[in-house]
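Notes for the one structure printed next.
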Amino acid sequence: MAEVTSRCVGPIILMGPPGAGKGTQAKLIAERYGIPQISTGDLLREHVCKGTSLGLQAKEIMARGQLVPDELLYGMVAERLREADCDPGFILDGFPRTPGQAGWLDEFLKHELFDKSNPGKCLPIVVQIDVDYNDLLSRLTGRRSCPACGTIYNVHLQPPRVDELCDLDGSKLVTRNDDREEVIRERLQTYEKLTRPVIDYYGRQGRVALVNGALPVDQVSEQIFHEIERHGC
Ligand code: AMP
(Lines give C-alpha, C1' and ligand atoms only; values in the text may rest on other atoms or scores of the structure.)
Protein backbone atom coordinates (compact mmCIF):
# COMPACT_ATOMS: atom_id res chain seq x y z
CA MET A 1 0.00 0.00 0.00
CA ALA A 2 1.33 3.46 -0.91
CA GLU A 3 2.86 5.57 1.82
CA VAL A 4 1.02 8.81 2.54
CA THR A 5 3.51 11.33 3.88
CA SER A 6 2.37 14.66 2.50
CA ARG A 7 0.26 15.79 5.44
CA CYS A 8 0.45 16.12 9.19
CA VAL A 9 -1.25 13.12 10.73
CA GLY A 10 -0.81 14.18 14.35
CA PRO A 11 -0.71 11.89 17.37
CA ILE A 12 -2.59 8.61 17.12
CA ILE A 13 -3.27 6.66 20.31
CA LEU A 14 -4.05 2.99 19.85
CA MET A 15 -6.06 1.60 22.75
CA GLY A 16 -7.15 -1.97 23.32
CA PRO A 17 -6.36 -4.91 25.58
CA PRO A 18 -3.18 -6.95 25.22
CA GLY A 19 -3.59 -9.11 22.12
CA ALA A 20 -6.04 -6.77 20.37
CA GLY A 21 -3.55 -6.25 17.54
CA LYS A 22 -2.23 -2.81 18.49
CA GLY A 23 1.35 -3.74 17.51
CA THR A 24 0.31 -5.19 14.16
CA GLN A 25 -1.91 -2.23 13.33
CA ALA A 26 0.67 0.30 14.54
CA LYS A 27 3.18 -1.10 12.05
CA LEU A 28 0.68 -0.80 9.19
CA ILE A 29 -0.24 2.77 10.13
CA ALA A 30 3.46 3.65 10.43
CA GLU A 31 4.11 2.28 6.95
CA ARG A 32 1.16 4.06 5.36
CA TYR A 33 1.70 7.49 6.87
CA GLY A 34 5.48 7.43 7.31
CA ILE A 35 5.30 8.16 11.05
CA PRO A 36 6.96 6.22 13.89
CA GLN A 37 5.36 3.58 16.09
CA ILE A 38 6.15 4.23 19.72
CA SER A 39 5.52 1.17 21.85
CA THR A 40 6.26 1.69 25.53
CA GLY A 41 6.40 -2.11 25.90
CA ASP A 42 9.17 -2.29 23.23
CA LEU A 43 11.03 0.66 24.75
CA LEU A 44 10.87 -0.96 28.20
CA ARG A 45 12.02 -4.34 26.82
CA GLU A 46 15.01 -2.52 25.28
CA HIS A 47 15.84 -1.04 28.69
CA VAL A 48 15.54 -4.50 30.26
CA CYS A 49 17.86 -5.98 27.61
CA LYS A 50 20.43 -3.23 28.08
CA GLY A 51 20.21 -3.51 31.88
CA THR A 52 19.65 0.24 32.40
CA SER A 53 18.44 1.47 35.78
CA LEU A 54 14.90 1.78 34.36
CA GLY A 55 15.19 -1.73 32.91
CA LEU A 56 16.25 -3.15 36.27
CA GLN A 57 13.31 -1.49 38.01
CA ALA A 58 10.82 -2.59 35.33
CA LYS A 59 11.95 -6.17 34.75
CA GLU A 60 10.17 -8.01 37.58
CA ILE A 61 7.02 -5.89 37.30
CA MET A 62 6.75 -6.70 33.59
CA ALA A 63 7.37 -10.41 34.19
CA ARG A 64 4.38 -10.40 36.59
CA GLY A 65 2.16 -8.72 33.98
CA GLN A 66 1.70 -5.60 36.10
CA LEU A 67 2.12 -1.98 35.11
CA VAL A 68 5.38 -0.14 35.56
CA PRO A 69 4.74 2.92 37.81
CA ASP A 70 3.71 6.01 35.85
CA GLU A 71 6.59 8.22 37.03
CA LEU A 72 9.18 5.78 35.70
CA LEU A 73 7.80 6.12 32.17
CA TYR A 74 7.48 9.84 31.67
CA GLY A 75 11.17 10.59 31.02
CA MET A 76 11.43 7.71 28.56
CA VAL A 77 8.28 8.74 26.65
CA ALA A 78 9.12 12.47 26.64
CA GLU A 79 12.60 11.78 25.29
CA ARG A 80 11.20 9.66 22.46
CA LEU A 81 8.41 12.11 21.52
CA ARG A 82 10.93 14.96 21.29
CA GLU A 83 12.81 13.22 18.49
CA ALA A 84 12.46 14.88 15.08
CA ASP A 85 10.77 11.92 13.39
CA CYS A 86 7.71 12.55 15.62
CA ASP A 87 7.12 16.04 14.16
CA PRO A 88 4.54 15.01 11.51
CA GLY A 89 2.82 12.60 13.90
CA PHE A 90 3.36 9.35 15.78
CA ILE A 91 1.49 6.27 16.92
CA LEU A 92 1.39 5.48 20.61
CA ASP A 93 1.00 1.77 21.15
CA GLY A 94 0.54 0.83 24.82
CA PHE A 95 0.58 4.37 26.23
CA PRO A 96 -1.31 5.87 28.04
CA ARG A 97 -2.44 2.95 30.17
CA THR A 98 -3.64 4.79 33.30
CA PRO A 99 -5.67 8.00 33.76
CA GLY A 100 -2.52 9.57 35.27
CA GLN A 101 -0.57 8.84 32.08
CA ALA A 102 -3.42 10.23 29.95
CA GLY A 103 -3.40 13.49 31.95
CA TRP A 104 0.40 13.69 31.67
CA LEU A 105 0.23 13.14 27.90
CA ASP A 106 -2.38 15.88 27.42
CA GLU A 107 -0.16 18.35 29.26
CA PHE A 108 2.93 17.23 27.36
CA LEU A 109 1.22 17.60 23.98
CA LYS A 110 -0.24 20.95 24.94
CA HIS A 111 3.06 22.42 26.09
CA GLU A 112 5.61 20.78 23.89
CA LEU A 113 4.23 19.57 20.62
CA PHE A 114 1.24 21.57 19.55
CA ASP A 115 1.35 24.66 17.49
CA LYS A 116 0.99 27.21 20.30
CA SER A 117 -0.97 29.64 18.12
CA ASN A 118 -3.54 26.93 17.49
CA PRO A 119 -3.77 24.62 20.50
CA GLY A 120 -6.69 22.64 19.07
CA LYS A 121 -4.48 21.49 16.22
CA CYS A 122 -3.48 17.87 16.17
CA LEU A 123 -5.53 16.65 19.11
CA PRO A 124 -4.79 12.96 19.37
CA ILE A 125 -6.98 10.53 17.49
CA VAL A 126 -7.85 7.74 19.92
CA VAL A 127 -8.60 4.42 18.25
CA GLN A 128 -10.04 1.67 20.44
CA ILE A 129 -9.59 -1.83 19.01
CA ASP A 130 -12.31 -4.03 20.41
CA VAL A 131 -11.83 -7.83 20.69
CA ASP A 132 -13.72 -10.51 22.60
CA TYR A 133 -12.02 -11.91 25.78
CA ASN A 134 -11.71 -15.52 24.51
CA ASP A 135 -10.23 -14.38 21.22
CA LEU A 136 -7.66 -12.38 23.17
CA LEU A 137 -6.61 -15.45 25.13
CA SER A 138 -6.03 -17.52 22.00
CA ARG A 139 -4.21 -14.67 20.28
CA LEU A 140 -1.87 -14.15 23.22
CA THR A 141 -1.09 -17.80 23.86
CA GLY A 142 -0.35 -18.27 20.12
CA ARG A 143 1.68 -15.10 19.66
CA ARG A 144 5.27 -15.40 18.39
CA SER A 145 7.51 -12.63 17.17
CA CYS A 146 10.70 -12.30 15.21
CA PRO A 147 13.50 -11.03 17.45
CA ALA A 148 15.30 -9.55 14.41
CA CYS A 149 12.60 -7.64 12.49
CA GLY A 150 9.69 -7.56 14.95
CA THR A 151 7.15 -9.26 12.64
CA ILE A 152 4.33 -10.76 14.71
CA TYR A 153 2.81 -14.19 13.97
CA ASN A 154 0.19 -16.39 15.60
CA VAL A 155 0.60 -20.15 15.55
CA HIS A 156 -3.18 -20.63 15.39
CA LEU A 157 -4.32 -17.75 13.20
CA GLN A 158 -1.36 -16.45 11.20
CA PRO A 159 1.43 -19.04 11.28
CA PRO A 160 4.78 -18.53 9.55
CA ARG A 161 5.33 -20.54 6.34
CA VAL A 162 8.00 -22.67 8.05
CA ASP A 163 7.24 -23.72 11.62
CA GLU A 164 8.73 -21.29 14.20
CA LEU A 165 10.83 -19.37 11.61
CA CYS A 166 10.31 -15.79 10.39
CA ASP A 167 9.06 -15.59 6.78
CA LEU A 168 11.13 -12.47 6.15
CA ASP A 169 14.56 -13.29 7.56
CA GLY A 170 14.45 -16.90 8.79
CA SER A 171 15.15 -16.00 12.44
CA LYS A 172 13.82 -18.38 15.09
CA LEU A 173 10.59 -16.91 16.47
CA VAL A 174 10.29 -16.19 20.19
CA THR A 175 7.44 -16.17 22.72
CA ARG A 176 7.34 -13.16 24.99
CA ASN A 177 8.10 -13.85 28.61
CA ASP A 178 4.73 -12.38 29.65
CA ASP A 179 2.67 -14.35 27.10
CA ARG A 180 2.24 -17.25 29.56
CA GLU A 181 -1.33 -18.07 30.56
CA GLU A 182 -1.16 -17.04 34.23
CA VAL A 183 0.56 -13.76 33.32
CA ILE A 184 -1.87 -13.16 30.46
CA ARG A 185 -4.81 -13.30 32.90
CA GLU A 186 -3.09 -10.77 35.15
CA ARG A 187 -2.44 -8.45 32.18
CA LEU A 188 -6.08 -8.63 31.07
CA GLN A 189 -7.29 -7.88 34.60
CA THR A 190 -4.88 -4.97 34.87
CA TYR A 191 -6.25 -3.68 31.59
CA GLU A 192 -9.85 -3.79 32.82
CA LYS A 193 -9.02 -2.15 36.13
CA LEU A 194 -6.49 0.54 35.16
CA THR A 195 -6.69 1.08 31.40
CA ARG A 196 -10.44 0.88 30.74
CA PRO A 197 -10.88 4.19 32.63
CA VAL A 198 -8.51 5.83 30.13
CA ILE A 199 -10.96 4.98 27.34
CA ASP A 200 -13.72 6.50 29.46
CA TYR A 201 -11.54 9.61 29.93
CA TYR A 202 -11.12 10.09 26.18
CA GLY A 203 -14.71 9.00 25.57
CA ARG A 204 -15.99 11.88 27.70
CA GLN A 205 -14.09 14.22 25.39
CA GLY A 206 -15.69 12.59 22.33
CA ARG A 207 -12.31 11.49 21.02
CA VAL A 208 -12.69 7.70 20.76
CA ALA A 209 -13.19 5.89 17.45
CA LEU A 210 -14.21 2.27 18.05
CA VAL A 211 -13.05 -0.32 15.52
CA ASN A 212 -13.95 -3.99 15.35
CA GLY A 213 -10.71 -5.89 16.00
CA ALA A 214 -12.28 -9.31 15.32
CA LEU A 215 -12.13 -8.69 11.55
CA PRO A 216 -9.15 -9.72 9.38
CA VAL A 217 -6.06 -7.53 9.80
CA ASP A 218 -6.52 -5.60 6.53
CA GLN A 219 -10.15 -4.79 7.33
CA VAL A 220 -9.19 -3.53 10.78
CA SER A 221 -6.57 -1.26 9.18
CA GLU A 222 -9.09 0.04 6.66
CA GLN A 223 -11.34 1.11 9.54
CA ILE A 224 -8.40 2.80 11.27
CA PHE A 225 -7.20 4.59 8.11
CA HIS A 226 -10.73 5.85 7.60
CA GLU A 227 -10.77 7.34 11.12
CA ILE A 228 -7.36 8.92 10.61
CA GLU A 229 -8.40 10.49 7.29
CA ARG A 230 -11.55 11.81 8.91
CA HIS A 231 -9.79 13.39 11.89
CA GLY A 232 -6.23 14.07 10.69
CA CYS A 233 -5.06 17.68 10.87
P1 AMP B 1 3.11 -4.36 25.96
O2 AMP B 1 4.21 -4.79 25.05
O3 AMP B 1 2.48 -3.07 25.53
O4 AMP B 1 2.09 -5.45 26.22
O5 AMP B 1 3.80 -4.05 27.38
C6 AMP B 1 4.50 -5.05 28.09
C7 AMP B 1 4.63 -4.67 29.55
O8 AMP B 1 5.37 -3.43 29.67
C9 AMP B 1 3.31 -4.37 30.25
O10 AMP B 1 2.67 -5.56 30.73
C11 AMP B 1 3.78 -3.48 31.40
O12 AMP B 1 4.42 -4.23 32.41
C13 AMP B 1 4.85 -2.63 30.71
N14 AMP B 1 4.25 -1.41 30.11
C15 AMP B 1 4.18 -1.10 28.79
N16 AMP B 1 3.58 0.08 28.60
C17 AMP B 1 3.25 0.53 29.84
C18 AMP B 1 2.57 1.68 30.32
N19 AMP B 1 2.10 2.61 29.48
N20 AMP B 1 2.41 1.81 31.65
C21 AMP B 1 2.89 0.90 32.52
N22 AMP B 1 3.51 -0.22 32.14
C23 AMP B 1 3.70 -0.43 30.80
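Here the structure is a predicted model, which is why all the values come from computation and not from measurement. Note: hydrogens, waters and symmetry copies are ignored here, and every other heavy atom, side chains too, is used. One-based numbering, in listed order, for ligands and for the atoms of each.
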* **Contact partition for D93 relative to ligand 1, non-hydrogen atoms under 4.0 Å** =>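 Neither part.
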With only distance considered, is [X] within less than 3.5 Å of ligand 1 through an N or O on each side?
X: R97; result: yes
X: R176; result: yes
X: R45; result: yes
X: P96; result: no
X: V68; result: yes

Taking the basic N atoms (NZ, or NE/NH1/NH2) and the acidic carboxylate oxygens, is any pair closer than 4.0 Å for [X] and [Y]?
X: R80; Y: E83; value: yes
X: E181; Y: R185; value: yes
X: D179; Y: R139; value: no
X: E112; Y: R82; value: yes

* Measure the distance from atom 8 (O) of ligand 1 to every protein heavy atom, then report the residue, atom name and distance (to 0.1 Å) of the closest one. =>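 Ranking protein heavy atoms by distance from atom 8 (O) of ligand 1, first comes M62 CE, 3.4 Å.
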* Identity and distance of the protein heavy atom lying nearest atom 12 (O) of ligand 1 ->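 For this ligand atom, the closest protein heavy atom is Q66 O, 2.5 Å.
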Atoms in ligand 1 flagged as close to [X], the criterion being non-hydrogen separation under 4.0 Å:
X: L73; result: 18 (C), 19 (N), 20 (N), 21 (C)
X: L44; result: 8 (O), 13 (C), 14 (N), 15 (C), 23 (C)
X: T40; result: 15 (C), 16 (N), 17 (C), 19 (N)
X: Q101; result: 18 (C), 19 (N), 20 (N), 21 (C)
X: R187; result: 4 (O)

* **Min heavy-atom dist R64 to ligand 1 below 4.0 Å** =>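 For ligand 1, residue contact (heavy atoms, under 4.0 Å) with R64 is absent.
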* To do: Decide whether the shortest distance between a heavy atom of K22 and an atom of ligand 1 is less than 4.0 Å.
  =>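 No, K22 has no heavy atom closer than 4.0 Å to ligand 1.
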* Begin with the C-alpha distance, continue with both residues' side-chain angles, and end with the deciding distance and a verdict on side chain to side chain contact (heavy atoms under 4.5 Å, CB included) for V217 and L28. => CA-CA 10 Å; V217 170; L28 295 169; 3.6 Å; yes
* Asked: Under 30°, 30 to 60°, or over 60°: which ring-plane class applies to Y33 and F225, parallel, tilted or perpendicular?
  ->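 Perpendicular.
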* E182 atom CD, neighbour heavy-atom count above 12 within 6.0 Å ->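 Correct, the count exceeds 12.
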* Donor-acceptor contact below 3.5 Å, side chain D178 vs main chain V183 ->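 Pair absent, no side-chain N/O of D178 close to backbone of V183.
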* Is there side-chain contact between V208 and M15, with at least one heavy-atom pair below 4.5 Å? ->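 Of all side-chain heavy-atom pairs linking M15 with V208, none is under 4.5 Å.
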* 4.5 Å side-chain heavy-atom contact, Y153 and V155 ->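 The answer is no, as the side chains (C-beta and beyond) never meet within the 4.5 Å cut-off.
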